[in-house]
Protein chains: 2
Amino acid sequence: MLNQQTPTLPRDCGACPIRHRAVCAQCEAEELEQLDRIKYYRNFEAGQTIVWSGDQMDFVGSVVTGIATLTQTMEDGRTQMVGLLLPSDFVGRPGRSVAAYDVVATSDMVMCCFRKKPFEQLLSVTPAVAQRLLQMTLDELDAAREWMLVLGRKTAREKIASLLSIIGRRNATLNLGAPAGKMVFDLPLTREAMADYLGLTLETVSRQISALRRDGVIVLEGKRRVTVPDFDRLLDEAGDDSDGGLPV
Amino acid sequence: MLNQQTPTLPRDCGACPIRHRAVCAQCEAEELEQLDRIKYYRNFEAGQTIVWSGDQMDFVGSVVTGIATLTQTMEDGRTQMVGLLLPSDFVGRPGRSVAAYDVVATSDMVMCCFRKKPFEQLLSVTPAVAQRLLQMTLDELDAAREWMLVLGRKTAREKIASLLSIIGRRNATLNLGAPAGKMVFDLPLTREAMADYLGLTLETVSRQISALRRDGVIVLEGKRRVTVPDFDRLLDEAGDDSDGGLPV
DNA sequence: CGACTAGTTGAATTGCCTCAACATGGGTGG
DNA sequence: CCACCCATGTTGAGGCAATTCAACTAGTCG
């Protein structure tokens, strides 16, 4: 089950697809070289657990391609997703040796890893990395707070619309410019994963997606491919004021 | 309504009650002097709004005494608290000129403020401040994620128990050592503010507090003073495994 | 062709919300 | 000093949104 062959990996930072969005974004040539010296790539398969909460974690790193989730689980099995890691997102926490959450690869993934000790060393020496990491952490904190509003105060329909608009927006900013008019993307999550993200049951997720389809807010091809005919309509359903949202 | 007289303010960082927990915690004498040069104190009264979401915010700072809240509000009035700011917590975001949340003083407060521009300048020069700010932001991110589990997956009773255990724990670590056995503290929030924190209505908060009292998990004197006879029992009610929780 | 996973849909249940009445306590003005 | 007000909190009754339990469909892999 674990023996997919390693595909060709990026080797050169210059050709790296996340070069100007990841923790290394603000590095000059020399700093980049320092990072390059301690980096190594790791592949993970869809479904594979990267770290278990409570386990030793001796590396940090960036998602290069693919998607991972951060989840918390209670003793009785209730689970809540607390982070969705897309390409360029940072994994792990400098200054902590034990993972606080389960990290699971949702799709096949490539990560650019750094052994923790040397990375921490580097943090205290090269301000460019530390500054970028602070920026990214502040952005994640904002995203987490946005989600607290979703979890605490929105209805099931609004939650689904919020999730779709977030995914749509990140997709749009990644590919083209600003999100507008028509929009097509694939859901990177199962119904169950969406439920864990939104604090719902998978049945409720399924019902609300069906409802949004019935009402013409979205169009589905198969289970995963979503078309949004009118993005403003979706934002409206999410309960967001049309300009607002995450500065992702 | 706004004319309470300014009480005696701390002036010297050496005597500051949050000296070794705030953003200045890791500063040496010289760095402290630099901070000292750009700092000023501000007082706020209970109930006063410090900044409105969307407003210009030209300072950042630390809570010295008192309590403030960070809240988000939807157009129809639904509100969600996304942060509870206690002494030593940091307010504001370097690199952003506009407030993302309403900041409201819940009690009378003293803040140690820095004009944003000079502070940002200082951030890029003195690593001690930047490093400490990163640490604090990572801690807040962890706290936010803990709350995502509370908001998304816990029952009303568990939510109340979680809030009480957090407040109790922060209180204990502030005063003595580890939280244990019996414990007494004052609730710093109204029922409504608790509801906004927990994604509940104030009636449900009131009912669940009454239920916990009836069941002997807590004892109340008046509306605000809480005694917890057995902290482990409270953690149990919160659905936390007895060791876990925030590394606050 | 089963067997398994992911997703959809229905019916019954329930936990929390809504609406409403009442209780308490601190502050103010007559 | 009492009467009154207003903010805060408590409690009850009924309704509803989301959950729970369950049956069924569609697609995939050996």
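Values reported hereafter were calculated over all heavy atoms of this structure, with side chains retained and with hydrogens, waters and symmetry mates removed.
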- Message: side chain to side chain contact (heavy atoms under 4.5 Å, CB included), that's the test. Do A:Glu158 and A:Arg153 meet it? Break it down for me.
- Response: CA-CA 9 Å; A:Glu158 289 169 333; A:Arg153 291 305 187 192; over 6 Å; no
Just by distance, do the side chain of [X] and the backbone of [Y] share a donor-acceptor pair under 3.5 Å?
X: B:Arg191; Y: B:Lys223; value: yes
X: A:Lys182; Y: A:Thr227; value: no
X: B:Arg213; Y: B:Ile218; value: no
X: B:Glu221; Y: B:Val226; value: no
X: A:Asp102; Y: A:Val104; value: no
X: B:Ser107; Y: B:Ile67; value: yes
X: A:Asp108; Y: A:Ala46; value: yes

- Item | D:dA18 phosphate, OP1 or OP2, under 4.0 Å from A:Thr201 side-chain N/O | no
- N/O (side chain, B:Ser206) to phosphate O (OP1/OP2, D:dG9) under 4.0 Å: no
- Classify the side chain of B:Glu203 versus the base of C:dC16 as yes if they form a donor-acceptor pair under 3.5 Å and no if they do not.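 Side chain to base: no pair present.
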- Distance-only donor-acceptor test (3.5 Å): side chain B:Arg207, base D:dG12: yes
- Mind listing the residues from residues 214-224 of chain A sitting with a heavy atom below 4.0 Å of DNA chain C? Number order is fine. A:Lys223, A:Arg224
- Item | Interface residues of residues 188-200 of chain A with DNA chain C (non-hydrogen, below 4.0 angstrom) |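 Contacts with DNA chain C under 4.0 Å: A:Thr190, A:Arg191.
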Without decimals, in angstroms, what is the distance between [X] [atom1] and [N] [atom2]?
X: B:Leu202; N: C:dC19; atom1: CG; atom2: C1'; value: 12 Å
X: B:Lys154; N: C:dG15; atom1: NZ; atom2: P; value: 18 Å
X: B:Gln208; N: D:dT11; atom1: CD; atom2: P; value: 12 Å
X: B:Ile160; N: C:dG15; atom1: CD1; atom2: C1'; value: 14 Å
X: A:Arg153; N: D:dA17; atom1: CZ; atom2: P; value: 17 Å

- Query: Under 4.0 angstrom, heavy atoms only, what part of the nucleic acid is B:Ser210 near: base, sugar-phosphate, or nothing?
  - Reply: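 Sugar-phosphate, backbone atoms only, no base.
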- Query: Which residues satisfy the ring-ring contact (aromatic ring centres under 6.0 Å, His included) test with A:Phe90, sequence neighbours excluded?
  - Reply: A:Phe119
